[in-house]
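Please read the structure below before turning to the comments.
Quick caveat: nothing in here was measured; it's all calculated off a predicted structure. Numbers restart at 1 for each chain; the letters A, B, ... are given by sequence-line order, proteins then strands.
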4 protein chains.
Amino acid sequence: MPTSTWFRLNVGKRERVLEVAMREFGGLGYSSGSLNTIAREAGIAKGSLFQYFNDKLEFFAYVCDEVSRRIREEMQRRIDALDVAQPFEGWLFDVFCEWTEYMAEHPLERAMLAAADFELDNSIRSVVRDTANQHYLQVISPSLRAWRERGGIRGDADPDVLASLMMMLLPFLALAPYYEGLDPILNLRGRTPAEQRPVIRQLIAGLRPVYAVPGT
Amino acid sequence: MPTSTWFRLNVGKRERVLEVAMREFGGLGYSSGSLNTIAREAGIAKGSLFQYFNDKLEFFAYVCDEVSRRIREEMQRRIDALDVAQPFEGWLFDVFCEWTEYMAEHPLERAMLAAADFELDNSIRSVVRDTANQHYLQVISPSLRAWRERGGIRGDADPDVLASLMMMLLPFLALAPYYEGLDPILNLRGRTPAEQRPVIRQLIAGLRPVYAVPGT
Amino acid sequence: MPTSTWFRLNVGKRERVLEVAMREFGGLGYSSGSLNTIAREAGIAKGSLFQYFNDKLEFFAYVCDEVSRRIREEMQRRIDALDVAQPFEGWLFDVFCEWTEYMAEHPLERAMLAAADFELDNSIRSVVRDTANQHYLQVISPSLRAWRERGGIRGDADPDVLASLMMMLLPFLALAPYYEGLDPILNLRGRTPAEQRPVIRQLIAGLRPVYAVPGT
Amino acid sequence: MPTSTWFRLNVGKRERVLEVAMREFGGLGYSSGSLNTIAREAGIAKGSLFQYFNDKLEFFAYVCDEVSRRIREEMQRRIDALDVAQPFEGWLFDVFCEWTEYMAEHPLERAMLAAADFELDNSIRSVVRDTANQHYLQVISPSLRAWRERGGIRGDADPDVLASLMMMLLPFLALAPYYEGLDPILNLRGRTPAEQRPVIRQLIAGLRPVYAVPGT
DNA sequence: TATGAATGAGTATTCATTCAT
DNA sequence: CATGAATGAATACTCATTCAT
């Protein structure tokens, strides 16, 4: 959706603009994020932004897409590296740990995830969330299916409910340590990745019956 | 936190201001919601708002609190009227149905719930979410404890995980039918309360093992 | 100029309003000083101020007058207590020291002096300065005349120039220690009364020929 | 301190904005001077002012600096043109006359001088007065030193006291004819430059012993 | 293709004053 | 006589977007 001009830009400038935009939009969200600020901090002219993108929303959507893609690729890589010989529960724990570690190490990506998740306006949200969700599902769904076929998950588990559960838990785990009021019970707020691990264990253990093969 | 002036106002005006504010803040959120607009639509002078509240945040926080209180009271009332002689699963279904019906019938309250849930700014979020969470927990926690003691929930279920699950499911069910991108799997978006019921059933069924007493 | 209502007020309230007003107007000047703030901090209704004074300017003028009167009375008292058997130069030093000490001990009066001195608007200034000047002159002029007749001042000194000099030096000495940029040469800014004394000596010594009787 | 945009502006517009600002700030001072008014009267958009200056204080400070510089340059030129073969007293008279004439002919500069001199707020005053004082001193100090070395001033005169006297007399002479309550004794208020001259003579004569070489 | 000046409606908030109670 | 609610114009400042260069 960016103009052709954007893609003809040299990589350094493109990366700089993108990083500044992630910081600005990630910190303030779509409507409060300022194009003036982004242009200033990226060291480009205000007008140039409009040579690269037709308007603010297109710019925001592009940044969101880019971030979703990065998160997805990196997580795909990490998940592919995990041990699938272990039981499902251990694998799930590893996935959640990789996820929370990634989020801890990538504050800009995490902030953009929040900016998209916390967007109130439906017309903006719809532009932004759908592609993000596709990215997530393309990682989650095949994995769950594989585990199912391998017999790591109880046969009568509803795959849609499992996937929905994942779609709720992932942003929760990603953001609860950094945003107020998301988790008044387990107290993830302010915890380091290491300190989050016992909570992740507790969650997985509590949900075990949902997926666990009976009798194992 | 509002000024004494606010509470001395005649009820009609207070209600009018509150309703307009719910619509404005609920539709646009804290930062994009305009005090000018609220004053105009409520038919009062811009300056008057500042006789009632010291600043925008205090105003927003008040509206949130008020809405939380209303939701909580009404839900408490509805839940108290439910049949507790039935199994937990039936009761839970009833609760979720009451909840989604309430949300369908109260678009302003629902919108404010979203405005608070989708607030990105931590300093505003913290002002607003903590009290809301307290309200929710004061309804959820005692109910779960009672069911537990009554033996309606499996004895080894982790109460914190159950409560956290509820805290995730409630806003999900409330908002997913009205906000884009919240639910890419079960497709609640756009459904009427009646159409939401099968999805609720599916969710509860899928999660059954988490709470169900084995062998029942 | 205040209404009769003001004078019928009990002394405590009157004093409280006056003190708060001195602090507010003294700190912010006429135009930036806020009647809302004064009313709030004095614990009276906003409307009441307008029962006591017809408008803001009348209020400000009253406070200025009151302060001028207090300063004048106290300074008259202090000057009357000084030793007039000593040479004029010693007496003058004593007067300036009394003055700077009084100003150090009475920050509210000093601030109001500044508020009146620094007022830019002629229409307000004229209301406020003339009476203040009368107060000053009624202390300065008779003293100078007496010293002249007693032969403590050289006979050919121009009394108007002497008085004008006093009228410049008094606010300068009063305010230079507390306001930026008034004294870039002698560096009174920030000095305690004790630290101001050598500067006062220097000033008087430097100006000695203006008044000193030749040959003494 | 203005932005680069300001300096890239065409001279005509810059001069227009500056003149309007001098009139507004000079008439009403920093805090009461309105940026809205300046923009409207200069025929530019409100937002444009903020392209030129980051905020109101920076704008005000710039105008003050500019005015100080102009006054200083013009006065330096005039003083350099004076006859230094005459006695000091005659030279001093000429300086004061040039000064008061300049002020009579340049109401905008005079008004800004007053706006800076009458500013109550220390944080603004300090920004504005220090540079102004430097300008004054750079004219006054070398002149006095030169006269001293040439023997035109009595050798035992305290140069700091002389300079301080000048720093008090200059604004006094500049503003007393135009501002109420500055001069209740010599009655400069309302006088034309020609009418001010006898008063200047009187002042200089009255202060003669301070500088005059004894026996001349 | 990049620039950056210009715009004008928008923001939250403050103010002195009025006047019905 | 005291109260305090109401007012609406005022404030500095920000914004996404346009467009001539």
Side-chain angles (χ1 to χ4, degrees), chain A residues 3-6 8-9 13 31-40 43-57 59, chain B residues 3-6 8-10 13 30-40 43-60, chain C residues 3-6 8-9 13 31-40 43-57 59, chain D residues 3-6 8-10 13 30-40 43-60:
Chain A
T3 64
S4 55
T5 310
W6 168 257
R8 260 182 252 118
L9 241 44
K13 182 186 279 193
S31 67
S32 298
S34 158
L35 298 186
N36 285 14
T37 302
I38 293 175
R40 186 183 351 108
I44 62 172
K46 287 193 279 205
S48 296
L49 276 183
F50 289 85
Q51 304 255 26
Y52 309 149
F53 305 92
N54 285 310
D55 57 20
K56 193 187 186 183
L57 180 51
F59 186 18
Chain B
T3 64
S4 54
T5 306
W6 168 257
R8 264 185 248 113
L9 238 46
N10 75 63
K13 181 183 282 192
Y30 171 74
S31 68
S32 298
S34 159
L35 299 185
N36 284 12
T37 302
I38 293 175
R40 186 183 352 107
I44 62 173
K46 287 190 312 195
S48 294
L49 276 183
F50 292 87
Q51 302 255 34
Y52 310 150
F53 305 92
N54 285 310
D55 56 24
K56 191 186 188 183
L57 181 50
E58 187 179 294
F59 187 16
F60 183 68
Chain C
T3 64
S4 56
T5 310
W6 167 257
R8 259 182 254 119
L9 241 44
K13 183 186 279 191
S31 67
S32 297
S34 158
L35 298 186
N36 285 15
T37 302
I38 293 174
R40 186 184 351 108
I44 63 172
K46 286 195 277 206
S48 295
L49 276 182
F50 290 84
Q51 303 255 25
Y52 309 149
F53 305 93
N54 285 310
D55 57 20
K56 193 186 186 183
L57 181 50
F59 186 18
Chain D
T3 65
S4 54
T5 307
W6 168 257
R8 263 185 250 112
L9 238 46
N10 74 64
K13 183 184 281 192
Y30 171 75
S31 69
S32 298
S34 159
L35 299 185
N36 284 13
T37 302
I38 293 175
R40 186 184 351 108
I44 62 174
K46 289 195 303 201
S48 294
L49 275 183
F50 292 87
Q51 302 254 37
Y52 309 149
F53 304 92
N54 285 311
D55 57 22
K56 191 185 186 183
L57 181 50
E58 187 179 294
F59 188 15
F60 183 68

Checking all strands, does [X] fall into the base, sugar-phosphate, or nothing category for heavy-atom contacts under 4.0 angstrom?
| X | value |
| --- | --- |
| B:Leu57 | nothing |
| D:Asp55 | sugar-phosphate |
| B:Gly43 | nothing |

Among [options], find the nucleotide with the atom closest to the side chain of [X].
| X | options | value |
| --- | --- | --- |
| D:Ala45 | E:dT7, F:dT14, E:dA12 | E:dT7 |
| A:Gln51 | F:dT7, E:dT3, F:dC1 | E:dT3 |
| C:Phe50 | E:dA12, E:dA16, F:dC13 | E:dA16 |

Rounded to the nearest Å, what distance is computed from the [atom1] atom of residue [X] to the [atom2] atom of nucleotide [N]?
| X | N | atom1 | atom2 | result |
| --- | --- | --- | --- | --- |
| D:Ile44 | F:dA12 | CD1 | P | 13 Å |
| B:Ile38 | E:dG10 | CD1 | C1' | 15 Å |
| B:Leu49 | F:dA6 | CG | P | 11 Å |
| A:Leu35 | F:dT18 | CG | C1' | 14 Å |
| D:Asn10 | E:dA6 | CG | C1' | 13 Å |
| D:Lys56 | F:dA12 | NZ | P | 4 Å |
| B:Lys46 | E:dA9 | NZ | P | 13 Å |
| A:Phe59 | F:dA16 | CZ | C1' | 13 Å |

Problem - Pairwise side-chain contact, D:Thr3 with D:Phe50, heavy-atom cut-off 4.5 Å (strictly under) - result: no
Exercise for the section: Report yes if the side chains of A:Lys46 and A:Asn36 come closer than 4.5 Å at any heavy-atom pair, otherwise no. Expected result: yes
Practice task
Please report the shortest heavy-atom distance between B:Tyr30 and B:Lys56, naming the atom on each side.
Solution key: O-NZ, 2.9 Å
Handout entry: For B:Tyr52 against B:Glu58, the heavy-atom pair lying closest together
Key = O-OE2, 4.4 Å
Handout entry: Counter-base of F:dA20, judged by Watson-Crick or G-U geometry with both distances under 3.5 Å
Key = E:dT3
Problem - Rounded distance (nearest 0.5 Å) linking atom OG of C:Ser4 with atom CG of C:Leu9 - result: 11.0 Å
Exercise for the section: Report the residue (D:Leu9 or C:Ser32) whose heavy-atom-nearest nucleotide on DNA chain E is the more 5′ of the two. Expected result: D:Leu9
Ignoring backbone atoms, test whether [X] places a side-chain nitrogen or oxygen under 4.0 Å from the OP1 or OP2 oxygen of [N].
| X | N | answer |
| --- | --- | --- |
| A:Ser34 | F:dA16 | yes |
| D:Tyr52 | E:dA6 | yes |
| A:Ser48 | E:dA2 | no |

Fill in the blank from the handout: Of D:Ser31 and A:Asn54, the one whose nearest nucleotide on DNA chain F sits closer to the 5' end is D:Ser31
Completion exercise
By nearest-heavy-atom nucleotide on DNA chain F, the more 5' of D:Tyr30 and B:Arg8 is B:Arg8
Practice task
Classify the ring geometry between A:Trp6 and A:Phe53 as parallel (under 30°), tilted (30 to 60°) or perpendicular (over 60°).
Solution key: tilted
